[in-house]
Structures are given as C-alpha cells and as structure tokens.
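Report on the structure given below.
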Amino acid sequence: MTADATTQAKAVLRRTMLAKRAVLSADDVATWSQAITARALDLPELEEARSAFVYVSIEREVDTRPLLAALLERDITVAVPFIAGPGRLEAHHITSLDHLTPGRYGIPAPAHPSPFTDTPDVCLTPAVALTEHGERMGMGGGYYDRYLAQHHTGVIIALAFEMQIVPHIPTEPTDRRVNTIVTDRRVIRCSPPPSAPS
Ligand SMILES: Nc1nc2c(c(=O)[nH]1)N(C=O)[C@@H](CNc1ccc(C(=O)N[C@@H](CCC(=O)O)C(=O)O)cc1)CN2
Ligand SMILES: Nc1ncnc2c1ncn2[C@@H]1O[C@H](COP(=O)(O)OP(=O)(O)OP(=O)(O)O)[C@@H](O)[C@H]1O
C-alpha cells in the first residue's frame, strides 16, 4: 500500500470507529471506564511506576479522571498532555485535577505550565482503534507517535473499550505499538504482528 493509500484507509477506519463510539451511552462509558480503571490500577507496571503520563479524557473516550485521581493519591509524578503546536505534545506535571482547564480542542490541559521533560515510566494513551498486536490508531494528529519517538517510554498502555479492538489497522513506519491494552473485559499483553520485525 502507498503512504497515501494507508492514510486514506486509516481515515475511513477512523470515521467508522468514531461513529460507533459516538453512539455509546453515557452509562456504558461510565461502567466500562470503572472496570478499565480498576484493571489498570492493578497492573504491576503501574504499581511500580514512579511517573505516569496519562491523557485527560473527553466525550466518549475511556474516562481517565478516576484513574488520575487514584494515581495522584499514590504519590507518584503525574503528567498530562499539553498540545504545544500542530503534532507537538508535551507532558506537564499536575498535583491536582483542579489544575486542569479546557485547552486546545476543548481537551482539559494544565492551566499553568510545569513541563515534565523526563521519560515517563508509563504512558497511558487514548485510542480510536487497536489490534490485539498493539497497533494503535488515534485521532490522526500523530501526537503520540511523535512524542513516543522522542521519549523511549518502556511501558505504553492503551485504555479502550472492547468494541474498539479490531482485527486489522493499516500501519505506517512511524506508528508506535502499545505493549498492553486494558479493556472493560481483559488485559491484553500485545505480541508483535506476525509480519513485523520484533
Ligand atoms: N483526550 C485526548 N487527549 C489528546 C488526544 C486524544 O486523542 N484524546 N490526542 C491524541 O493524539 C492529542 C490531541 N489530538 C487531536 C487530534 C485531532 C483533533 C480534532 O478534533 N481535529 C479536528 C479539528 C478540530 C478543530 O480544528 O477544532 C479534525 O481533524 O477534524 C483533536 C485532538 C493529544 N491529547
Ligand atoms: N514520528 C513522526 N515523525 C513525523 N511524522 C509523524 C511521526 N509520527 C506520525 N507522523 C505523521 O503524523 C500523521 C498522523 O499520524 P497517525 O495517523 O498515525 O496519527 P494517530 O496515531 O492516529 O494520532 P495520535 O498519535 O495523535 O493519536 C501521519 O501523517 C504520520 O506520518
């Protein structure tokens, strides 16, 4: 597939998956998010982490507020995304959810800059779709792929509803795979796709 065809195929899948997610009920999102939060908080890599970079959810994404609140209680460094420009994501340290205010695209972001420039022990990413092999498709800004190309975080965990797991995602060389996916039903430890170099 050419690069253009891959981008096109991704855009089609993105629209389909966003449409499916848009019609989830608020109740389902809340119930499933609770299950995901409990499972994520039990992961040894999150229990052992000294720092975590966690997205702040909007709309029908897996709700990360309860997870953020629990991590802030754990006395580890918690950082959240700040959109610094097109495709440019920065991590900024917060010590309270009260430090968030609506930012670019209406996504809550730190009200006052406090850059966390280290490599976080764990990165918790949003996703529009994922495969069991850890291939991830996001909103199409390339924000996380660029961030993760610069910060060699060992543990990348995606939070997703079971309905977001698909058999195939068209990939580009710049796509970073996630190590683990936490859904409302299970924890998926991702192994590389058969065709990919390990
Ligand atoms: N909660 C959350 N935070 C996140 C992400 C995410 O997916 N979820 N991102 C994951 O990477 C980054 C933001 N990525 C985004 C990419 C595209 C659009 C978007 O809606 N684009 C519209 C244009 C909207 C406008 O111009 O106002 C579009 O492309 O049509 C929003 C966010 C960083 N923070
Ligand atoms: N490390 C990188 N360097 C340069 N360009 C990149 C990099 N990573 C991704 N891109 C480009 O960004 C664009 C969007 O990428 P992609 O469709 O993979 O985004 P996404 O994973 O859906 O979004 P996000 O990471 O924001 O959730 C593509 O044109 C891709 O080639």
Side-chain angles (χ1 to χ4, degrees), residues 1-24 28-29 32-33 35-37 39-40 43 45-46 52-64 67 80-81 83 86-89 91 104-105 107 119-120 122-198:
M1 222 193 269
T2 62
D4 255 16
T6 304
T7 306
Q8 280 294 325
K10 270 191 175 182
V12 170
L13 180 62
R14 188 174 289 117
R15 272 199 298 276
T16 308
M17 296 305 291
L18 285 174
K20 277 176 76 172
R21 199 174 68 180
V23 297
L24 295 179
D28 280 346
V29 169
W32 295 339
S33 295
I36 292 165
T37 301
R39 258 190 206 105
L43 291 177
E45 52 269 54
L46 205 50
F53 179 38
V54 186
Y55 75 96
V56 185
S57 54
I58 51 164
E59 297 166 3
R60 264 40 184 177
E61 290 180 332
V62 174
D63 182 4
T64 56
L67 181 69
V80 298
I83 298 174
R88 270 192 47 227
L89 201 59
R104 189 90 57 106
Y105 302 120
I107 303 172
T119 295
V122 176
C123 177
L124 287 158
T125 74
V128 173
L130 293 151
T131 71
E132 291 185 0
H133 293 298
E135 292 147 316
R136 167 187 171 276
M137 189 181 68
M139 291 288 288
Y143 285 94
Y144 276 95
D145 291 327
R146 284 191 189 82
Y147 179 86
L148 292 168
Q150 279 167 15
H151 299 86
H152 295 223
T153 300
V155 182
I156 308 170
I157 304 171
L159 307 181
F161 304 124
E162 194 63 37
M163 46 87 60
Q164 294 178 278
I165 310 294
V166 298
H168 179 73
I169 292 176
T171 54
E172 294 171 82
T174 47
D175 286 335
R176 281 293 310 274
R177 290 191 310 107
V178 307
N179 307 108
T180 299
I181 304 169
V182 182
T183 81
D184 37 291
R185 286 204 214 129
R186 56 191 167 142
V187 172
I188 305 170
R189 299 298 191 176
C190 304
S191 54
S195 57
S198 50

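Because the structure is a prediction, the values reported are computed rather than measured. All residue numbers in this chain count up from 1 along the given sequence.
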- Would you please name every residue forming a side-chain hydrogen bond (donor to acceptor under 3.5 Å, both in side chains) with E61, sequence neighbours left out? none
- Residues two or more places apart in sequence or in another chain: which of them pass side chain to side chain contact (heavy atoms under 4.5 Å, CB included) with E45? L43, V155, I157, T180, R189
- Task: Go through the structure and list residues passing side-chain hydrogen bond (donor to acceptor under 3.5 Å, both in side chains) with N179, not counting sequence neighbours.
- Result: none
- Go through the structure and list residues passing side-chain hydrogen bond (donor to acceptor under 3.5 Å, both in side chains) with S33, not counting sequence neighbours. none
- Item | Residues that R185 engages under side-chain hydrogen bond (donor to acceptor under 3.5 Å, both in side chains), provided they are two or more places apart | none
- Item | Validation row: Y55, V62 side chains within 4.5 angstrom (heavy atoms) | yes
- What pairs meet the side-chain hydrogen bond (donor to acceptor under 3.5 Å, both in side chains) rule with one or both residues in residues 142-155, with sequence neighbours excluded? none
- Hey, are the side chains of P81 and I107 touching, using non-hydrogen atoms and a 4.5 Å cut-off? no
- Query: T2: what forms a side chain to side chain contact (heavy atoms under 4.5 Å, CB included) with it, not counting sequence neighbours?
  - Reply: D4, A5
- Item | Residue pairs involving residues 148-173 (criterion salt bridge (charged side-chain N to carboxylate O under 4.0 Å, His left out); sequence neighbours excluded) | K10-E172, E162-R186
- Atom CE in M137, atom CD in Q164: separation rounded to 0.5 Å? 9.5 Å
- Query: Of all residues at least two apart in sequence or in a different chain, which pass the side chain to side chain contact (heavy atoms under 4.5 Å, CB included) check with A22?
  - Reply: none
- According to the ring-ring contact (aromatic ring centres under 6.0 Å, His included) rule, which pairs have a member within residues 159-195, sequence neighbours left out? W32-F161
- Message: According to side chain to side chain contact (heavy atoms under 4.5 Å, CB included), who are the partners of R39, at least two apart in sequence or on a separate chain?
- Response: A35, V182, V187
